[in-house]
Amino acid sequence: MTVEEAIAIVEQLLERGRLTRAQEIVFRYAWEGKTYLEMARAVTYDPGHIKDVGSELWRSLSQALGEKVTKNNLQGVLKRTVQRQHFQPFTNYTNWGEAIDVSQFYGRTTELETLSQWIVRDRARVVTLLGMGGMGKTALSVKLAEQLQGEFEYVIWRSLRHAPFFYDKVTECIKILSHQQVTTLPASPYEQITCLIEYFRKYRCLLILDNFDTLLEQGKGTGCYREGYEPYGELLWRLGETGHQSSVLLTSREKPTEVAALEGDGLPVRTLALSGLEVAAGQTILKLKGLSGSEDETRKLVECYGGNPLALKIAATSIRDLHEGNIACFFAEGTTVFQGIGNLLEQQFKRLSTSEQQVMYWLAINRGKLSSTELQTAFTPILPKPKLISVLESLRWRSLIESNTGGFTQQPVVMEYMTKCLIEQVCEEIVTESPQYLLTYASMQAQAKDYIHDSQIHLIVRPILNQLRITLGSADQLEDKLGRLVRKLQNEKPHPQEDEVFRHGEWDKEIRGGGNKAYSNSVWAVAVSPDSQQTLKPAALMKA
């Protein structure tokens, strides 16, 4: 019996159904024979909390099974239970990937009812949940999947935040649907999609793809795909056109062209545009954040930010810091500095300590989750662990970062803002030939996974060079500017305390290329080439 089969059985036995996130963590590690201390170290949880969760879980299972269950006899008890009761564990299989915790979820009753009707009653094949950043699309998709999981044989939730290649993602899904029986797919995307559709015909599946907009190209019209990601568009088209019994839910800030072409009120492809929270739900968020104000004041504040959950959380934190939580005082000073999420983030960011700002930049650069250990080693000198934990707690309290089993990350809208700030700062430093951020933050990391490395090129390094070309007037001017910067830094001997910072700069690999100026300039020449096919080849940028 696999751990997935065991979880499916347990969730049938327990009255509350699905395990909580913490319970599932404990169950999985207990199945592998881990101790509570080993579990806590693996997920950066407090050992006492992990032990309490485990004790409560074993008590619940003992009551449901009629015999004592512990982490040591768990496998034996469940195997005997299966033999006695003839369970079919895969009648309802869930794989939540990086799904967030939605135990605290407010409002969205109408949206949940609409989406449920489309997917369950109308059997919509492709549903797109559309909305601006911070609107709560991800949370709504997870809550919907939780509510509908009993209607499906398979529920698979996946994030596309890091823009995974199509082959990798479709292979992952088919491995799940085939219970690891199929591990290699045909080379053709068309055949890969055909294979997936066959499983969608055989089983009733709900596949959620979060952050679909990361696959789309910026600045080239809504819904156009980045180079190499076109098979995702073919997937949507065929899923919408081909008969099967499954549903795919997308969350996105942009509408894919295939969805725009196929959607309709009476068709199997639908789109729900997500607006702000209703006032009552927004007021609940303000209350939980500790704000005080009249009914009219809280209503006005919710409406001021269009019911955007993230904007409300950030605004509430600022009001609490600046006005001791008094909404009336906030309105008395005017709302000009809080006119949008960008301004909210700017005001919040300015209030952070240097260490907090550095954590924000490193998370944005990494494009994904980082453990506390990985964050600690990014600092030079290394930040003491107690200090780092304090920084992370402060950022979480400000709703600027999120944490779950895998580590710490940012909401896409926050990550986008931090990336924009980094790009602007680095561009200014190169133009003025006074690098600081450029040498402190590795904007493209050689040791990163391929999909993160590609994301860093596309979303950080390339925009920097594109902006510099515009600012300086031509690729030739940019090449000259970078050449001067290379020579300047090669001739400067850094102070001893600066040397550790210096080695973290990704472009330092070219700048300090052993004094070979011709080599350094040739690297930059490739980087700034007007030929789009030559722009930012990883081998050229990362070669040391």
Side-chain angles (χ1 to χ4, degrees), residues 342 345-346 349-350 352-367 378-381 414-446 448 453 455-513 515 517 519-529 535-536 538 540-544:
L345 291 170
E346 181 181 4
F349 185 73
K350 287 179 178 178
L352 300 180
S353 68
T354 300
S355 297
E356 289 169 342
Q357 291 181 357
Q358 287 178 318
V359 167
M360 293 292 288
Y361 277 120
W362 280 120
L363 288 174
I365 290 168
N366 191 69
R367 317 303 303 173
F379 284 82
T380 303
V414 177
M415 187 178 294
E416 183 178 322
Y417 171 79
M418 293 305 306
T419 302
K420 176 176 175 290
C421 291
L422 180 67
I423 290 170
E424 292 175 350
Q425 188 68 35
V426 170
C427 285
E428 181 181 347
E429 290 180 356
I430 291 177
V431 169
T432 59
E433 299 184 23
S434 55
Q436 188 63 45
Y437 281 53
L438 182 63
L439 304 180
T440 302
Y441 300 104
S443 54
M444 188 172 68
Q445 297 162 311
H453 185 268
S455 182
Q456 290 167 341
I457 292 175
H458 178 76
L459 298 174
I460 302 177
V461 180
R462 184 172 292 150
I464 288 173
L465 294 179
N466 289 342
Q467 182 58 50
L468 287 170
R469 271 194 289 266
I470 294 171
T471 301
L472 297 173
S474 70
D476 290 337
Q477 291 293 327
L478 173 56
E479 183 178 352
D480 290 340
K481 172 68 72 175
L482 294 174
R484 287 197 302 273
L485 185 58
V486 167
R487 291 188 292 273
K488 177 181 178 180
L489 291 171
Q490 285 177 332
N491 293 329
E492 289 181 358
K493 180 178 177 61
H495 297 295
Q497 64 268 29
E498 295 176 340
D499 197 50
E500 285 298 304
V501 174
F502 210 83
R503 68 180 177 84
H504 276 287
E506 183 270 319
W507 286 341
D508 176 47
K509 290 183 172 65
E510 284 74 44
I511 293 170
R512 301 178 72 179
K517 298 181 181 180
Y519 166 73
S520 298
N521 287 333
S522 70
V523 171
W524 286 116
V526 172
V528 302
S529 169
T535 301
L536 287 171
L541 278 174
M542 298 307 300
K543 184 177 179 182

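We're numbering straight along the sequence, starting at 1.
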Sequence neighbours excluded, which residues qualify as side-chain hydrogen bond (donor to acceptor under 3.5 Å, both in side chains) partners of Q467?
-> T471
List for me each residue that meets side-chain hydrogen bond (donor to acceptor under 3.5 Å, both in side chains) alongside E433, sequence neighbours excluded, and say none if there are none.
-> K481, R484
Nearest heavy-atom contact between I464 and C427 is O-SG, 3.6 Å
Could you tell me whether the side chain of Q425 and the main chain of Y437 form a donor-acceptor pair under 3.5 Å?
-> no
Taking all heavy atoms of L459 and all of I423, pick out the closest pair and write down the distance.
-> O-CD1, 3.5 Å
Q477 side chain to L472 main-chain N or O, any donor-acceptor pair under 3.5 Å?
-> no
T419: side-chain hydrogen bond (donor to acceptor under 3.5 Å, both in side chains) partners, not counting sequence neighbours | R367
Before accepting this row, confirm whether a basic side-chain N of the pair E416/K420 lies closer than 4.0 Å to the acidic partner's carboxylate O.
-> no
Does some side-chain heavy atom of L363 sit less than 4.5 Å from a side-chain heavy atom of M418?
-> no
Could you tell me which non-hydrogen atom of L478 sits nearest to which non-hydrogen atom of L465, and how far apart they are?
-> CD2-O, 3.8 Å
Would you name the heavy atoms of I365 and I460 that are closest together and state the gap between them?
-> CA-CD1, 3.9 Å
